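Scroll down for the structure; my scribbles are underneath it.
Residues take their numbers from the sequence shown, with the count starting at 1. Keep in mind it's a predicted model, so treat the numbers as computed, not measured.
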Amino acid sequence: MGRLAYIPVGEKPLAADVQTLANHFMRLDISEPNRVLAYTVARSSLYKRIKERQYDDPHLLVLKDTVQHGGAKQVTVGDDGVLRMQGHICIPNVDGIHGENAL
C-alpha cells in the first residue's frame with residue numbers, strides 16, 4: 001500500500017535527496033517535532049539468496065500457488081515477494097541454503 005502526495009516545485013530537490021537516501025537503504029524517522037533520526041537498514045546477503053532462490057524449491061512453488069489462490073491462510077507473500085509462514089521466512093531446500101542459519 002502506498003501514498004500519493006503533492007510536492008511543491010520548491011521542495012522537489014529535497015524530495016529527490018530523500019529518495020536517494022532511500023535507494024541507499026537510509027530511512028528517516030520524524031516522530032518528534034524538530035528532530036529527524038536517520039538510520040540505515042541492513043539486509044543479510046542470506047536474505048537476498050533466499051529471496052532469489054525461494055521458488056526454485058518445488059514445494060515452496062506449490063505453496064506460493066496455493067497462497068495466490070486463497071488456499072493457505074497462515075502463509076503470505078509479502079510486498080517484497082518473499083513467502084512467509086506465520087511471519088517466518090520459508091527457506092528453500094536448494095543449493096545448501098536450507099542448512100545455513102535461518103533468519
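Residues Val82 and Leu61 do not share a hydrophobic cluster, defined by chaining ILVMFWY side chains whose heavy atoms lie under 4.5 Å apart. Cluster annotation: Met85 and Tyr55 are assigned to the same hydrophobic cluster (Ile/Leu/Val/Met/Phe/Trp/Tyr, side-chain heavy-atom contacts under 4.5 Å, transitive). Val94 and Leu60 sit in two unconnected hydrophobic clusters of ILVMFWY residues. Membership requires side-chain heavy atoms under 4.5 Å apart, directly or through other members.
With rounding to the nearest 0.5 angstrom, the CD1 atom of Ile50 is 5.5 Å from the CD1 atom of Ile89. For the atom pair Gln54 CD and Ile91 CD1, the distance stands at 7.5 Å (nearest 0.5 Å).
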Worked verdict on Leu63 versus Val75 for side chain to side chain contact (heavy atoms under 4.5 Å, CB included): CA-CA 8 Å; Leu63 189 55; Val75 181; 4.0 Å; yes
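Annotation: salt bridge (Lys or Arg N to Asp or Glu O under 4.0 Å) contacts of Asp65 (sequence neighbours excluded): none. Listed by chain and number, the residues in a side chain to side chain contact (heavy atoms under 4.5 Å, CB included) with Thr76 are Arg84 (sequence neighbours excluded). For Gln68, the side chain to side chain donor-acceptor pair (under 3.5 Å) test picks out no residue, with sequence neighbours left out.
Identified under the salt bridge (charged side-chain N to carboxylate O under 4.0 Å, His left out) test for residues 55-64, with sequence neighbours left out: Arg53-Asp56.
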